[in-house]
Amino acid sequence: MRLVTEMMILCGEAIATYGYSNNLSLPFRGQPQSDIDLSAFAHLPEGPVRSSAIVKIMCAAEMDFRKPIRHGVLGIPGYVQFTSPIRRYMDLLAHYQVLAVSSTCIYLWINLLVGPNIGEERQGWFKNDVNFFHVKAFLRGHSPPFSAGQLEGMASLINMNTRIVKRVCSSSLRYWILEYLRRQPKERTYRALILRFIKDRIAALLLVEIGMQASAWVSVGVQIGDEVEVQVEEAHPRDDVLSLKEVVHTV
């Protein structure tokens, strides 16, 4: 999995470099370098607690459609999301841009993906199939189908719709998690990791078995990074209500 991730990042960096070298408008994606002193979080336990604290102060991602911008998190000078044209429409637009101006790019990708040792017959089949697609989609040497302004306009609409879809998915997931908790026996307990304190003794918790964040009042003495046991007092998915209470074991 780590190898796949690294290859996807490498592909994104290569496409950004290709776009910049050929003055090609692409959805260049970056993230400002945050002035985060990681030593300031050294006192927090590694894992969800530390990650939660760092994510809260990270800078938001940015996009430019004329030139690459540095991606501070990935540590590279330019990046284009390019490897998922089936599930991300912006990736598909990037493919259209690259294919329109590159007469050899598609053949380079074939040689990279299928290798030189698959036999001349299969290589010919691949090239004929790609030739058909290439001619059907774009005549070789044509200018890019979209200007930087057009890409920016489409990206604005895509991002708005993506936010709506993510919000709906998040609401749906939360609803069914609350419904699951509502159906559990009242006496059941759950492990909860303390991520941070919101106010006084009200803590932000991560329900370990569920993978969901919630909040509850915790007793004096427990610290960030400690685990406590909680029970569900109320769970009303239609009203988006979840009330937890800490289980205190007396000696």
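The figures here come from the full heavy-atom set of this structure, side chains too, leaving out hydrogens, waters and symmetry mates. What you are looking at is a predicted structure, and each value in this text was computed from that prediction instead of being measured.
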Could you go through F65 and L26, starting from their C-alpha distance and side-chain angles, then the distance that decides it, and tell me whether this counts as side chain to side chain contact (heavy atoms under 4.5 Å, CB included)?
CA-CA 5 Å; F65 300 90; L26 288 170; over 6 Å; no
Are M8 and I15 connected into the same hydrophobic cluster when the rule is that any two of I, L, V, M, F, W, Y join if their side-chain heavy atoms are below 4.5 Å apart?
no
With distance as the sole test, does K186 use its side chain to make a donor-acceptor pair with the main-chain N or O of E233 at under 3.5 Å?
yes
Return yes if some donor-acceptor pair links the side-chain N/O of S84 with the main-chain N/O of R87 below 3.5 Å, else return no.
no
Once rounded to the nearest 0.5 Å, what's the spacing between atom OH of Y175 and atom CZ of R238?
4.0 Å
Cluster link I202 to I194, ILVMFWY, side chain under 4.5 Å:
no
Identify whether V222 and L44 are in the same connected component of the hydrophobic contact network (ILVMFWY, side-chain heavy atoms under 4.5 Å).
yes
Does any part of the side chain of H95, heavy atoms only, come nearer than 4.5 Å to the side chain of F82, both counted from C-beta?
yes
What distance separates L207 CG from L193 CG, expressed to the nearest 0.5 Å?
10.0 Å
Quick check: does any side chain N or O of Q31 sit under 3.5 Å from a backbone N or O of G72, one acting as donor and the other as acceptor?
no
Check the pair M90 / R29 against side chain to side chain contact (heavy atoms under 4.5 Å, CB included), numbers first and verdict last.
CA-CA 11 Å; M90 287 304 302; R29 190 176 183 88; over 6 Å; no
Do other residues, nucleotides or ligands put more than 12 heavy atoms under 6.0 Å from L157 CG?
yes
With side chain to side chain contact (heavy atoms under 4.5 Å, CB included) as the test, would you mind laying out the steps for I177 and I210 before giving the verdict?
CA-CA 8 Å; I177 290 177; I210 310 297; 3.6 Å; yes
Backbone N/O of R167 and side chain of S171: donor-acceptor pair under 3.5 Å:
yes
Looking only at side chains, do Q97 and S25 share a donor and an acceptor under 3.5 Å apart?
no
Kindly determine whether K166 and R163 satisfy side chain to side chain contact (heavy atoms under 4.5 Å, CB included), including the steps that lead there.
CA-CA 5 Å; K166 286 183 177 179; R163 285 193 294 270; 5.8 Å; no
N/O donor-acceptor pair under 3.5 Å between D226 side chain and Q223 backbone:
yes
Shortest non-hydrogen contact between G211 and L206, atoms and distance
C-CD1, 4.0 Å
Can you tell if the side chain of V230 reaches within under 4.5 Å of the side chain of R191, non-hydrogen atoms only?
no
How long is the gap from CZ on R174 to CG on L242, to the nearest 0.5 Å?
6.0 Å
Parallel, tilted or perpendicular: which fits the ring planes of F146 and Y96, with parallel below 30° and perpendicular above 60°?
tilted
Take a 6.0 Å sphere around CD of E209 and say whether it holds more than 12 heavy atoms from other residues, nucleotides or ligands.
yes
Treating Ile, Leu, Val, Met, Phe, Trp and Tyr as nodes and any side-chain heavy-atom pair under 4.5 angstrom as an edge, say whether L181 and W217 lie in one connected cluster.
no
With clusters defined by side-chain heavy atoms of hydrophobic residues (ILVMFWY) lying less than 4.5 Å apart, directly or transitively, does I69 cluster with I9?
no
In terms of side-chain heavy atoms, does E234 have a donor or acceptor partner in S243 at a distance below 3.5 Å?
no
Return yes when atom CZ of R188 has more than 12 non-hydrogen atoms of other residues, nucleotides or ligands closer than 6.0 Å, and no otherwise.
yes
If you compare all heavy atoms of A203 against all heavy atoms of I198, which two are closest, and at what distance to 0.1 Å?
C-CD1, 4.2 Å
Of all the heavy-atom pairs spanning A94 and V80, show the shortest one and how long it is.
CB-CG1, 4.1 Å
Does D64 use its side chain to pair, donor to acceptor, with the backbone of R66 at less than 3.5 Å?
yes
Heavy-atom pair with the smallest gap, counting every atom of A214 and L244
CB-CD1, 3.7 Å
Pairwise distance CD(Q81) to OH(Y79) - rounded to 0.5 angstrom:
5.0 Å
Under 4.5 Å between any side-chain heavy atoms of R88 and T83, yes or no?
yes
For E13, does its backbone N or O pair with a side-chain atom of T17 as donor and acceptor, under 3.5 Å?
yes
Taking everything shown except Y20 itself, do over 12 heavy atoms lie less than 6.0 Å from its OH?
no
Counting N and O atoms only, with roles assigned by atom type, does the side chain of R201 sit under 3.5 Å from a partner on the main chain of S219, one being a donor and the other an acceptor?
yes
Specify the closest pair of heavy atoms between A235 and V232, including all atoms of both residues, with the distance to one decimal.
CB-CG1, 3.9 Å
Using modelled atom types only, decide if a donor and an acceptor are shared between the side chain of T162 and the backbone of I158 within a distance under 3.5 Å.
yes
Looking at CE of M154 and CG of L93, how far apart are the two atoms once the value is rounded to the nearest 0.5 Å?
5.0 Å
With rounding to the nearest 0.5 angstrom, report the CG to CD distance, L74 to E6.
9.0 Å
Work out which heavy atom in A100 is nearest to a heavy atom in S143; give both atom names and the distance.
CB-O, 3.9 Å
